[in-house]
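Let me begin by presenting the structure, written as structure tokens, before commenting on it.
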Amino acid sequence: GDNVGDVAGMGADFFESYVNSIIAAAFLGASSGSITPADDHNKMARVALPFWLAGFGVISSLIGFFAVSTKQQGKGWNVNLGALMWALEKGIYLASLLFVGFAALCIYLLFDDTTSEGWKTYGCIIIGLVTGVAIGKITEYFTSFDFGPVISIKDRAVTGPATVVIQGLGVGMISCVPPTIVLVACILSCSALDETGSGYGIAIAAVGMLATLAITLSTDAYGPVADNAGGLAELSRLDDSVREKTDSLDALGNTTAATGKGFAIGSAVLSSLSLLAAFNT
């Protein structure tokens, strides 16, 4: 069940959003009119850009994989989940930084340097990438045991299960607000930077958000891997110290799985808007 939900299911969800955003960006880039030779050149660049970004995103993710490591050794719930989370996030941040450089290279090679459209498009790509990272951090804050929201739910267990449920519902509702604000800011910013007026800025922002999908989805798949390891340790009747370590990794895996779901919702919003703009065109 874990593998179906957090690996196959999330992989299919992300893949759909990724392909949708690439197709929508290419279509919206091709549908904009050409008035001058520079416009015609940039029109072809807008079509090619999402495919270039997807290719460089894979390369960035492959390099980012090698940065994932940790020397943390903890037991049970006393482990520093923030330190373990950083072990995974190092790879994501390295891949993101590399992608920023590769995206600038794509803009420089594809777009006519006599216009400002290329660098405004680059701004949309960066906004999409930053939005994805921000949604991930917000989700981590509301789902990690290192932070107040989850600790507050745990503390309510002193007075019984009813207060746990009430506090959990309250925290869950509040957790929807920050990602919504971040997504709205992303959409408005990309619309302001989009010179075509066709919604291309939002579509390319979605591509930028999902470009490093390979390593982002890998951290999401870490959840069921750690959970299954704990189950196997228990079924094999291994020493309690082994189960304590797998409990720590399982707690981290639950956070990464929740982070992946928040990222999936954010990317789906931008992809849906891009597809609606493409259908409208």
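Index from 1, following the sequence.
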Return each pair, listed once, that meets side-chain hydrogen bond (donor to acceptor under 3.5 Å, both in side chains) where at least one residue sits in residues 21-30; pairs must be two or more places apart or across chains.
-> none
Between Thr121 and Leu49, which heavy-atom pair has the shortest distance, and what is it?
-> CG2-CD2, 3.5 Å
Which pair of heavy atoms, one from Tyr200 and one from Leu28, lies closest together, and at what distance?
-> N-CD1, 4.0 Å
Only one of Leu169, Val165, Val164 passes side-chain contact (heavy atoms from CB on, under 4.5 Å) with Ile153, and that residue is Val164
Plane angle bin for Phe102 and Phe56 - parallel if under 30°, tilted between 30 and 60°, otherwise perpendicular = parallel
If you link ILVMFWY side chains whenever their heavy atoms are less than 4.5 Å apart, which other residues fall into the same cluster as Ile181? By chain and number, please.
-> Val177
Side chains of Ile23 and Leu275 in contact at under 4.5 Å (non-hydrogen atoms) = no
Do you reckon Tyr222 sits in the same ILVMFWY cluster as Ile92, going by side-chain contacts under 4.5 Å, direct or chained?
-> no
Tell me the ring-ring contact (aromatic ring centres under 6.0 Å, His included) pairs involving residues 224-264, sequence neighbours left out?
-> Phe14-Phe263
Check ion pair Glu140-Lys137 (N to O, under 4.0 angstrom) | yes
How would you list, by chain and number, every residue that makes a side chain to side chain donor-acceptor pair (under 3.5 Å) with Thr159, sequence neighbours excluded?
-> Thr163
For Ala26 and Phe51, the nearest pair of non-hydrogen atoms, with its separation, is CB-CE1, 3.9 Å
Nearest-0.5 Å distance that lies between atom CD1 in Ile215 and atom NZ in Lys90 | 11.0 Å
Side chain to side chain, Phe99 and Ile125, heavy atoms closer than 4.5 Å = yes
Going only through I, L, V, M, F, W and Y residues with side-chain contacts under 4.5 Å, is there a path from Leu213 to Val130?
-> yes
Same cluster (ILVMFWY, side-chain, under 4.5 Å), Ile204 and Val58 | no
Judged by atom type as modelled, is there a donor-acceptor pair below 3.5 Å linking the side chain of Lys43 to the main-chain atoms of Ala30?
-> yes
Around atom CZ of Phe65, are there more than 12 heavy atoms of other residues, nucleotides or ligands at under 6.0 Å?
-> yes
Side-chain contact, heavy-atom cut-off 4.5 Å: Ile187 with Leu270?
-> yes
Closest approach of Ala264 to Asp13 (non-hydrogen atoms, all atoms of both residues) = CB-OD2, 3.8 Å
Do Ile174 and Ile135 sit in the same hydrophobic cluster, where Ile, Leu, Val, Met, Phe, Trp and Tyr count as joined when their side-chain heavy atoms come under 4.5 Å apart?
-> yes
Check Ser271 against Asn20 and note the closest heavy-atom contact, atom names and distance.
-> CB-CB, 4.4 Å
Co-members of Leu188 in a cluster of I, L, V, M, F, W and Y side chains, linked at under 4.5 Å | Val184
Side-chain (Tyr122) to main-chain (Tyr108) donor-acceptor, under 3.5 angstrom | no
Got Lys261 and Thr139 here, is their nearest side-chain heavy-atom distance under 4.5 Å?
-> no
Residues pairing under side-chain hydrogen bond (donor to acceptor under 3.5 Å, both in side chains) where one sits in residues 167-190, two or more places apart or in two chains, turn out to be Ser152-Gln167
Indicate the atoms forming the closest heavy-atom contact of Pro50 with Val207, along with that distance.
-> O-CG1, 4.0 Å
Please tell me if the side chains of Val150 and Ser144 come closer than 4.5 Å, counting only heavy atoms from C-beta onward.
-> no
Answer whether the closest heavy-atom distance between the side chains of Phe27 and Val47 falls below 4.5 Å.
-> no
